[in-house]
J.: 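First, the structure itself, so that you have it in front of you.
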Amino acid sequence: MTSETVDRVLDTPVHRHRMPDRNFRLWLVFPAVLLLLLIGLFPLIYSLVISFQNLTMLDQDTSFHGLMNYAQLFRDRRLWEAILHTLLITAVALPLELVLGLVMAQLFLDHMPGRQLFIALIVLPTIISPIVAGATWRLMFDQRYGPVNQIISWLTGQQQVLLWTVNPKLVYPAILICEIWQWTPFMFLILLAALSHVDRSQLEAAELDGARFPRIFFKIVLPAIWPVMAIAILIRGVDLVRIFDVIWALTGGGPGTMTETISIYTYIQGFQQFESSYTAAIAFLIVALMSIVVTWAIRRMGLAR
Amino acid sequence: MNARRRLALPLRYAAAIAFTLFFIFPVYWLFIISFKTPAEIFSYPPVWYPKSIQFANYWVLFKDGDAFTVWNSLVLASISTLIAMVLGTMCAYSLVRFRTGGENLAVWIISQRLMPPIAIIFPIFLLYVWLGWVDTYHGLIILYTAFSLPYVIWMMRGYIEEVPIELEESALVDGCTRWEVLWKVVFPMVRAGLFATAVFTFVFAWNDFIFALVLTRTEVITYTVQVTHYFGGQSNFWAKIAAMSVLGTVPIFLAVATMQRFLVRGISMGAVKG
Amino acid sequence: MAELTIHGLHKRFGPVEVLRGIDLKVSSGEFAVLVGPSGCGKSTLLRTIAGLEDIDRGTIEIDGREVNDVRPRDRDIAMVFQNYALYPYMNVSDNIAFGLRARRTPEAETQRRVRSAAELLGIGGLLERYPRHLSGGQRQRVAIGRAIVRNPKLFLFDEPLSNLDAQLRDEMRSEIKRLHQDLAATMIYVTHDQIEAMTLADRIVLMNSGQIEQVGAPLDLYDRPATRFVAGFLGSPKINLLQGRLVANGRSLAFEASDGTSLALPAALAAAAHAHVDRSVTLGVRPQHIGEASGIAGRNEVTLRTAIELVQPTGSRTYVTARLADAAVVAETDAHAALKPGATIDLAFDMGHAILIDPESGKVFAHGLAE
């Protein structure tokens, strides 16, 4: 062995075995990978195959129909509206959750009496099922018996019978409120932990140097918590794109198709219209696009190292 | 400087209370509806707290057999969690200690966690129809297990990395097989991580809606799907919605309360060691 | 440059009183070192001067102005932290410039001052680099640069060399001393290392359990310690302490150890100790003042014969441990003396440098050196 190879061997990171056992390590991953192929590879291939056919509820036509379904994708106005709706929700909810979570994290960063209790209570919405969250707000938003309208009535002095789940002007606020209510605690928790890990002596040094809070926050704190924040944004961003339960509970995609998102639209196409091939095309496209974006993000952030 | 700090605290406290009220009130509302009488539920102005705690709504659920759906959720979530924990930890160990599959495998595994269920569920549904696995326990268990694996693998990777490799090397020298090293040395060391990850995996499966919606019909309905059965076009069975939701939520509160030390790490997928 | 005055400072953390009545005055341009064992309160004291901690009672004055309620950033002080506290997402130049930019100093001026500070510290070529690409010593210099660039009234150092290896520490110590000479600034420096304290300080403030044991020039504390604690803290190897009694010895006094061994006290020492005759005392003699007897008795020397237990050569000197009246005594001998454990040796005690301690109060009541 030359000294170079010796160095390379000695450079092996300390948490890996230097004598790999080929069979053992492969057998360890085999069952998991097999199951993962079920949800990772199979849907991709199967969707692709079916999307070239013309399968619907009535018509079991498995002949090759070329790119017919994909062409239809581009012409499908409802699909593009669904994409727009999804992006709208994501673009509004994500920054709000982030900012609100940051404000709350900063608020709860220092000690105060009862802090533990506050945090435990705030975190509850994140733990319940999204469908339950949707159901809860459906009850909250009820036009006659819901507390939301009642409180608004108190504030405005006159009785309000707002139809949160039906009125086109109110459905999006309703969805957004429910979603932000459920997931801001998630952001809050992560950001709180990240903030508490910031090196105190850097903050003290900055304070001694004469910096005021905004400067300290933007130049020192934010860069320090950015890695964690990026992961949180990725997770929440992806979750928002596939939002389903909350909308299903609150509006069912309505009124009309006003609040249909990608997931809702796909579900309707597949399980209510039974346009199997077309749905497969949509599914394939979604998976392909998400794979690219997500894989890029994971590699970029070094999550797999 | 003392004066400045003293001023800030009441303000912070007020803000803290305001935030907490916002986040806790809807949960509170859900809970008390489940305890109200129909008269109290459908009263205007709303009744802010019921005169007494009625369990009538829960009783109805049990009588009608709807509460059985909670049992379904329990079976599906626990079995899938168990399998996922075992297979996932094995896989994570291989990834950490032997760098199996390199970065590519790790990236692929993690990316599965971020795939949209709806896109995956559709082909799976067709497959299950062909296999006759729709509305079966094993069908859903397999799916939940597969979907939980990325999370388990990702989390356990972090916990395993924290175990000093010298412990394993010393066990190998002492005569253990690799298999024994995994189960006798590593597993006990990551016990805390195992429990925490198991709880969060359980919660993900328990709270799932879309898979259950697509793949159950009558036999294996979970509580999440059952709740939506109470939504009506004209009227909603409010009491049932609330009661069923609470039935499905309280177990989760308890489970997470026991693991609240690991809350941050579990929720952030290990991004922050909470 | 500024003067620092502290009156009656008290501070507690919860039930624990960490600073118990500190009175201190540091003159303008002085290099004061706060030194003491872990937990003595030196870092806490430094942080109260910085304004990073509140105080419960007492006053802190910088240049005659009371700063108890003044925010850290308005006290015109700079601090160098133990772990450097560099901002990892800024390069060296931005790190140093941070304070100036925070005070809205014009950019041209900022650049000029950053550059001259960097040149002074020998890091002029590193201005574009990031902290993670710097060695420990370089990072330390950046931290110091950040402090000096603001021309503050007061410099505070919180154990800045603790994270460096021994060789680097020696280098940086000289640099800091040179810096003090160049800038003629008032500096307050915290360390647990007595060698750093001895070499750097104009005056040492030795602390123990939240109180000041003694303040004075390094050699003052070394030669004329006020208490047993001070005598034991400074000096390496530690001072030898022997229990015994003072007895009359002709017209003078002698120290009698428990086994009867007697060491005569020189006149100067005896003069201060008369009141303690026939009482228990502790005798302190530093290893540097015990050596191998040369055959010619010095003026204040007392020679005793004992057996060698341990021999520890260090290259420049050899330390010999011998037993004397139930106590282990360390003596310093020439590096090349051929000494072996078990052999007998004649040790000469220079009693002119000895001190006497009252065992009950711990106070040193007599030392042989002229005031």
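Letters A, B, ... mirror the listed sequences (proteins, then strands); counts begin at 1. Computation of the quantities below employed the complete heavy-atom set of this structure, encompassing side-chain atoms and omitting hydrogens, waters and symmetry-equivalent molecules.
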J.: Do B:N207 and A:P130 have side chains that approach each other closer than 4.5 Å (heavy atoms only, starting at C-beta)?
T.: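 Touching, per the 4.5 Å side-chain cut-off.
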
J.: Sort out for me which of B:L143, B:V86, B:I110 touches chain A most, counting heavy-atom pairs under 4.5 Å.
T.: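 Maximum pair count with chain A is reached by B:I110.
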
J.: Taking A:D245 for the side chain and B:I210 for the main chain, is one N or O donor matched with an acceptor at less than 3.5 Å?
T.: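 Not a single qualifying donor-acceptor pair exists.
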
J.: Working to the nearest 0.5 angstrom, can you tell me the gap between B:F122 CZ and A:Q269 CD?
T.: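 Interatomic distance, B:F122 CZ to A:Q269 CD, rounded to 0.5 Å: 9.5 Å.
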
J.: Quick one: what part of A:L285 sits under 4.5 Å from any heavy atom of chain B, side chain, backbone, both or neither?
T.: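 Contact with chain B: none, neither part.
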
J.: Taking the six-membered ring for Trp and the full ring for Phe, Tyr or His, determine whether the centres of B:F19 and A:F118 are under 6.0 Å apart.
T.: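 Distance test on ring centres: not under 6.0 Å, no.
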
J.: Given heavy-atom pairs under 4.5 angstrom as the criterion, report whether the side chain, backbone, both or neither of A:I39 touches chain B.
T.: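 Interface part for A:I39: both.
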
J.: Give the minimum heavy-atom separation between B:V227 and A:A135, together with the two atoms involved.
T.: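 Answer, listing the atom of B:V227 first, then A:A135: CG1-CB, 4.2 Å.
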
J.: Given that the side chain runs from C-beta out, which part of B:V107 has a heavy atom under 4.5 Å from chain A: side chain, backbone, both or neither?
T.: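 Both backbone and side chain.
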
J.: What part of A:L107 gets closer than 4.5 Å to chain B, counting heavy atoms only: side chain, backbone, both or neither?
T.: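 For A:L107, backbone and side chain are both near chain B.
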
J.: Within the supplied structure, the quantity of interest is the number of heavy atoms (other residues, nucleotides, ligands) at a distance under 6.0 Å from B:W183 CH2; does it exceed 12?
T.: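 Counting neighbours around CH2 of B:W183, more than 12 heavy atoms of other residues, nucleotides or ligands fall under 6.0 Å, so yes.
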
J.: In this structure, are over 12 heavy atoms from other groups packed under 6.0 Å from A:Q116 atom CD?
T.: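 Result for CD/A:Q116: open.
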
J.: Would you confirm whether A:W181, through its side chain, and B:F22, through its main-chain N or O, come within 3.5 Å as a donor-acceptor pair?
T.: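 Pair found, side chain donor or acceptor close to backbone of B:F22.
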
J.: For B:Y13 and A:P113, indicate whether the former's side chain and the latter's backbone hold a donor-acceptor pair under 3.5 Å.
T.: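 Yes, B:Y13 side chain to A:P113 backbone: donor-acceptor pair under 3.5 Å.
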
J.: Quick one: what part of A:W154 sits under 4.5 Å from any heavy atom of chain B, side chain, backbone, both or neither?
T.: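 The side chain, not the backbone.
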
J.: So, A:R144 side chain and B:F42 main chain: donor-acceptor pair closer than 3.5 Å or not?
T.: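 No.
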
J.: Do A:F42 and B:I120 come within less than 4.5 Å of each other through their side chains, counting heavy atoms only?
T.: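 No, every pair of side-chain atoms sits at 4.5 Å or beyond.
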
J.: Return the option, out of B:W29, B:F200, B:W179, B:F25, with the maximum number of heavy-atom pairs under 4.5 Å with chain A.
T.: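 The answer is B:W29.
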
J.: Is it the case that the side chain of A:R242 and the backbone of B:M115 share a donor-acceptor pair, with hydrogens and angles ignored and the cut-off at 3.5 Å?
T.: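 Judged by distance alone, yes, a pair lies under 3.5 Å.
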
J.: Would you please classify the geometry between the B:W238 ring and the A:Y145 ring as parallel, tilted or perpendicular, with 30° and 60° separating the classes?
T.: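 The rings of A:Y145 and B:W238 stand perpendicular, inter-plane angle above 60°.
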
J.: What part of A:I151 is in contact with chain B, defined as an atom under 4.5 angstrom from a non-hydrogen atom: side chain, backbone, both or neither?
T.: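 Only the side chain of A:I151 comes within 4.5 Å of chain B.
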
J.: With a 4.5 angstrom heavy-atom cut-off, could you sort out which part of A:V287 is near chain B: side chain, backbone, both or neither?
T.: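 Backbone plus side chain of A:V287, per the 4.5 Å heavy-atom cut-off to chain B.
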
J.: Which bit of A:V123 is near chain B, if near means a heavy-atom gap under 4.5 Å: side chain, backbone, both or neither?
T.: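 Contact with chain B: side chain only.
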
J.: Under the side-chain hydrogen bond (donor to acceptor under 3.5 Å, both in side chains) criterion, do A:R299 and B:N104 qualify, and how do the steps go?
T.: CA-CA 9 Å; A:R299 281 195 196 273; B:N104 292 322; 2.7 Å; yes

J.: How close do B:A146 and A:L35 get, counting heavy atoms only, and between which atoms?
T.: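 Nearest pair, atom of B:A146 first, then A:L35: CB-O, 3.6 Å.
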
J.: Counting only non-hydrogen atoms closer than 4.5 Å, does A:T126 touch chain B with its backbone (N, CA, C, O), its side chain (CB onward), both, or neither?
T.: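 A:T126 touches chain B through side-chain heavy atoms alone.
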
J.: Using non-hydrogen atoms only, which part of A:A232 is less than 4.5 Å away from chain B: side chain, backbone, both, or neither?
T.: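 A:A232 has no heavy atom closer than 4.5 Å to chain B.
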
